[in-house]
Amino acid sequence: MEDERTFSDICGGRLALQRRYYSPFCREFCLNCPRLSLRSLTAVTCTVWLAAYGLFTLWENSMILSAAISITLLGLLGYLHFVKIDQETLLIIDSLGIQMTSSYASGKESTTFIEMGKVKDVVINEAIYMQKVIYYLCILLKDPVEPHMISQVVPVFQSAKPRLDCLIEVYRSCQEILAHQKATSTSP
Amino acid sequence: MCAQSITSTKEAKWQKVLYERQPFPDNYVDRRFLEELRKNIYARKYQYWAVVFESSVVIQQLCSVCVFVVIWWYMDEGLLAPHWLFGTGLASSLMGYVLFDLIDGGEGRKKSGRTRWADLKSALVFVAFTYGFSPVLKTLTESVSTDTIYAMSVFMLLGHLIFFDYGANAAIVSSTLSLNMAIFASVCLASRLPRSVHAFVMVTFAIQIFALWPMLQKKLKACTPRSYVGVTMLFAFSALGGLLSISAVGAILFALLLVSISCLCPFYLIRLQLFKENIHGPWDEAEIKEDLSRFLS
Amino acid sequence: MVLKAFFPTCCASADSGLLVGRWVPEQSSAVVLAVVHFPFIPIQVKELLAQVQQASRVGMAVLGTWCHRQQEPEESLGHFLEGLGTIFSHEPWLQLCRERGSKFWSCKAIHRQVSAAPDVPSEDQVMLIFYDQRKVLLSQLHPPTVVSDHQDGDTMASTGGLAVVFDTVARSEVLFCSDQYDEGPVRLSHWQSEGVEASVLVELAKRASGPVCLLLACLLSLISAASGCRLWKLWPLPFIRSKLSTCEQLRHRLDHLTLVFSTQKAQSPAQLMRKANMLVSVLLDVALGLMLLSWLHSSNRIGQLADALVPVADHVAEELQHLLQWLMGAPAGLKMNRALDQVLGRFFLYHIHLWISYIHLMSPFIERILWHVGLSACLGLTVALSILSDIIALLTFHIYCFYVYGARLYCLKIYGLSSLWRLFRGKKWNVLRQRVDSCSYNLDQLFIGTLLFTILVFLLPTTALYYLVFTLLRLLVVTVQGLIHLLVDLVNTLPLYSLGLRLCRPYRLAAGVKFRVLEHEVGRPLRLLMQINPLPYSRVVHTYRLPSCGCHPKHSWGSLCRKLFFGELIYPWRQGGDKQD
Amino acid sequence: MACSGGGGHGQPSSAILSPVTPGSLSTSRTRAHSICMVSDFFYPNMGGVESHIYQLSQCLIERGHKVIIVTHAYGNRKGIRYLTNGLKVYYLPLKVMYNQSTATTLFHSLPLLRYIFVRERVTIIHSHSSFSAMAHDALFHAKTMGLQTVFTDHSLFGFADVSSVLTNKLLTVSLCDTNHIICVSYTSKENTVLRAALNPEIVSVIPNAVDPTDFTPDPFRRHDSVITIVVVSRLVYRKGTDLLSGIIPELCQKYPDLNFIIGGEGPKRIILEEVRERYQLHDRVRLLGALEHKDVRNVLVQGHIFLNTSLTEAFCMAIVEAASCGLQVVSTRVGGIPEVLPEDLIILCEPSVKSLCKGLEKAILQQKSGALPAPENIHNIVKTFYTWRNVAERTEKVYERVSGEAVLPMDKRLDRLISHCGPVTGYIFAFLAVLDYLLLVFLRWMTPDSIIDVAMDATGPSGAWTHQNPDTTQRVENDEVLDTPR
């Protein structure tokens, strides 16, 4: 089954959360950020161009204009390829692991898979971020040496920072799967 | 709650203790509030003439700076031969040296345990070094513009006057710094003089007037106040005279300055004492009266 | 726990038969390695498994049955497969089945000895995970999981779950290498490696490599012995060698070659990778060097260079002379002390004069020198480059001298001024407490101190200017040398082999795995596709970069500026002193 | 200290002792406030203010209020932590300027503080310690946001030198429109009223307290063959370490059977060591160095007499702790000390070596003649004096009163500032207040209150911590928290 709900991120922008329940022990949560808005793009381009023209009128050097063009193009490419993240996916499979995929606007995907053996817990944590105090979902990794300690905290949905209600949704079903995992892994 | 507490405890007397719970609200204000407040406990009363006498130190210093500048002016104009200045300086310093020991019959020397040999040595060091460096001094600042030099020396002399140890125990007082600034200024000025002999003489004179003369003054002030006042007067007038020979306006201004410092400022200080309002009370940080250094000596 | 069945994609189209693989009870996951086809004799299957097991030390077993509903009519097969379970008893008994119509599979895991109902087989949920046998076999997980011990493969469970899968597949390589043409007693289907004769060249190379390595190793040992002999330990030589970057580079390369051609085998794959990287970098280096050589020796470029060199040196000297003339005047309207200015200027001019004469003295030999230098390019581009940087250092020796004089002078001044400034303020530096204390000087100390202070203050600008100018020149040279060294280091350290591998065979270097959920319908087992998540390039470089021969400055910018300000000497190469601190 | 248990539960309730609040636990059970304590000084820093804030918060939580604490980051202790009973602490990443007090530009802390106040739905801001710049910032912003403000002053200040003149001016500005001020002793109240030119009606006196259960006597730890004098204080000038350095040789020469135990660390320690060297007292004067708060009791009970040589004190907790351990207290008569203990428990002296030696000799004689009451008795008397629960009740009353009052609207506030703080300062700070308001408006436009997540209550009426509801997300992650990239 699959459904979609809209939430908002900490800055008020709207996010779409898709939940796919493949089976009782495999679920996928997919957060879609708003796409690159044409308005902001044009705004940035115009500012760069105006600046370029200003310099051009100052120095009468056409190099500046070409430089401006290349800068805008390269900047846009770089932004789309390295910065702008369109979609963040959290795939959690019982007794196998948790997989986080973040796909960039250019289609590039970066995936990290964490085995269930390393996962200690999934919690919602509070943090001071820029001039805000935000909630964020994070995966606690076991310390290989002593298992009750925490070696690392992996934040989830790092680029699209959803608000608490959205996080709680994800958190609940993650907890269900983790609980099932704990229950069964102890029995055999 | 306030009301009932008041009524229920007409007879109960408020006392300034924390360890027992009293039938008053926490923000209760008693009659005895601020009764331990005191004002101007440590305010000092000043005598006018005493202040004037103390101010003479400042006068002295101003005058010595003035004299120095005047002498430099003479030498720069070539009105004053360096040999002559050197001779007089030497003579006066010898006189002062003798006087220095005569005044207190040599207790100071005994106390400090400084031998005449040491004095001679340092005197030799002064002369030798100054003489050795005077050619360098001559060429030192020739590429620097005169105005820069003047500005620097004025600044340094002001610094000398500011940091000089007038007997007040303030934080900024540092006799070392003031002396150094004076010497710096003297070197700067000396380097503008026409020949290296001039420079040499100028620097030695600076040492005499900025380093040796205040020592003698201090001793005079301590032992024979009357003569000290006399010397101060004399010195002030000589300085005025010297300045007068250069510019009348300068002399008048300087005289005004001296008068205001020696007469007006004390008067104003005493007036201001009346407006003093210094709050004291149990909250003050108690200061330790007796000296505790004896336990560590 | 959910039962995970790792199924090789290459077997998806195989005929019905038995699933052979390994059962990992800790994660309740079954790693299917191959399918045994009908007809077979159970004893032979068991023998095969036994020999594979003792060869690969992996607990092999018959995990269950696999039926591909396209050939056989099911009803006959069904009971038969049921029956097989009794022959090869395994817990739990997998029953994989692929229908003809739908592309969805059915999979059952049956427990027999369930205490509650012995006759009614109980089932639990199964998850099918397809994996590409070849890729998994060849790939190598990063960071490399420590393989606990090779004695028994079943302790692998101590390491992470997927590591076990990778390990299992990697170890049961013998199963795949079995030649496909000789018909064994048992017909298996799995990914088939192209046996031995597929790669004759590789085999030949492997055979040949041993003696070649031995030979080269002997040569190298001779060379190193020669370089190690006592003659080189005589006084000036070690110093010079430590300063010449050419020697550094040569020694570095020598180490590389000795390591590459060392006769003992590389234990871990990482070490093997390292060797390969070194070999490739050396080869590339030499190739580039030879190109350079051919370029140089074609159409007498050496001669042109030599002719160009002397005038250039002269010109540089000229420029320096003009600069000094300018400084001895009133440069940029700065107020300098004329006497000192003249003295310094003359001193430096004399130096330049010396230098020019020296250059002219050695001008006739330059061409021959260059020619020999050019020959050295056949040892590799890096060697040529480092020789170049050494030549630059030699040709700009006079600038270096100026810099040193200026720096020393300036340094003295600065220290004198700082201590005299403390005296000026009536303070002194307390060495024991490492702080500034106030101190009462006596009169003549004060006087002399102030006198010197004044003089130094007025002389400071002159020295400072000289220092500044020569430092700038020096920095220019240092930057050029630094760039050359950077280039050399790039060639030295870049792990080209790994990068190429990452480019052509991404699955060989795996950062981990990633799963894709294949489309599925309710009631059927979930099907995941396990793909290999290749290592990003940055981490490839970071993991496999070769050690550099640290012969370039390790200043941080802050410390560099501090040193410049206080007039301490800076060097392009790593100082012996720097090594200690 | 800040992690030692949950506040003072030594007494059943000290309410019975106060005629003001009969059975206050039941009657004064009014609506719960959500309080935000702001101060630069908090655990891991150690001291009187820190323990005050911690214990007070614990007791308020126990009484059903919601309490959070805001302080600045200490080293890598940044972000959000939870202490005992779900006491939530924000360690804000602000630059520390001078001994643990943050640098203030009066504005740079507004965005974070406002965010916290909004998300925690704070109703009352309670700032501590006039040395803490952050506390004053918080007051300033809270007034701008229209929240009730309370300020607790823990320290005394003179009027003599330039620095105090300046600080007093700032205090005037900061307190002139604060709703209520709390002082720890009557002397401190007088001082504060004078410094900030306040109306004494809005200044309450609520003393500090000690946890009597932490400071119980133990007569068997002390050796009665010798007499031991204990000193526990920071070894700095204000604590009169110089006096101590004079007292030690005097008494040690006079009484051969006298030992000193000195706990505490500080710049003046060198003096004591020099004295010890000079008079070869190594076997009789023990310098313990810095003490953990939990060890203090074990040090105290080893002695017979406690010596306090402070030159200024608002409310000396050390002597109360010592008396609670059953020691005879000898102290200087400065600041609020005379109000703290009754005459029969304390010997007050002038702050001079002679007077203190006299007082100590008196105490020694009493000790030798056995005229002193038994430690148990002293403890039983002292433990009724100061308890945190009582402090919490009285503070709660202040909150009640404050929450009734109205916060000055902007115009009135500006009038107050201008009329109350002198022409120059008044106008300057009125201007700053306006700027602050504009900045706040800007922030509200940038991130409206509606999109700020309301935080889960750890404490208070619906505290997730107190009634453990299952799916609360409040897991304490003390180790890793994201921080502002700086």
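Quick note on labels: first sequence line is chain A, next is B, and so on, each numbered from 1.
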Considering all heavy atoms of both residues, which atom of [X] and which atom of [Y] are nearest to each other, and what is their separation?
| X | Y | answer |
| --- | --- | --- |
| D/Tyr90 | A/Glu126 | OH-OE2, 4.1 Å |
| A/Lys132 | D/Tyr115 | CG-CE1, 3.6 Å |
| D/Gly79 | A/Ile128 | CA-CD1, 3.9 Å |
| D/Asp453 | A/Arg163 | OD1-NE, 2.9 Å |

Item to complete: Would you mind telling me which of D/Ile451, D/Thr447, D/Ile116 has the largest number of heavy-atom pairs within less than 4.5 Å of chain A?
Response: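 Heavy-atom pairs under 4.5 Å are most numerous for D/Ile451.
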
Fill in: Spacing of D/Arg119 atom CZ and A/Leu164 atom CG [to the nearest 0.5 Å]
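One finds 8.5 Å between CZ of D/Arg119 and CG of A/Leu164.
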
Practice prompt. For A/Ser159, check side chain to side chain donor-acceptor pair (under 3.5 Å) against everything at least two apart and list the hits.
Written response: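 Residues passing side chain to side chain donor-acceptor pair (under 3.5 Å) with A/Ser159: A/Glu88.
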
Fill in: D/Leu443 portion near chain A, given a 4.5 angstrom heavy-atom threshold
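For D/Leu443, no heavy atom lies under 4.5 Å from chain A.
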
Worksheet item: Is any side-chain heavy atom of A/Gln131 closer than 4.5 Å to a side-chain heavy atom of D/Met446?
Response: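 Sidechains of D/Met446 and A/Gln131: no contact.
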
Fill in: Winner by heavy-atom pair count (cut-off under 4.5 Å) against chain D, out of A/Ile10, A/Asp9, A/Val133, A/Leu167
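Heavy-atom pairs under 4.5 Å are most numerous for A/Val133.
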
Item to complete: Give me the contact list for residues 52-59 of chain A versus chain D, heavy atoms only, anything under 4.5 Å, ordered by residue number.
Response: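 When heavy atoms of chain D are the reference, residues 52-59 of chain A contributes no residue within the under-4.5 Å range.
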
Worksheet item: Would the number of heavy atoms belonging to other residues, nucleotides or ligands and lying under 6.0 Å from OH of D/Tyr437 be above 12?
Response: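 No, the 6.0 Å shell around OH holds no more than 12 heavy atoms from other groups.
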
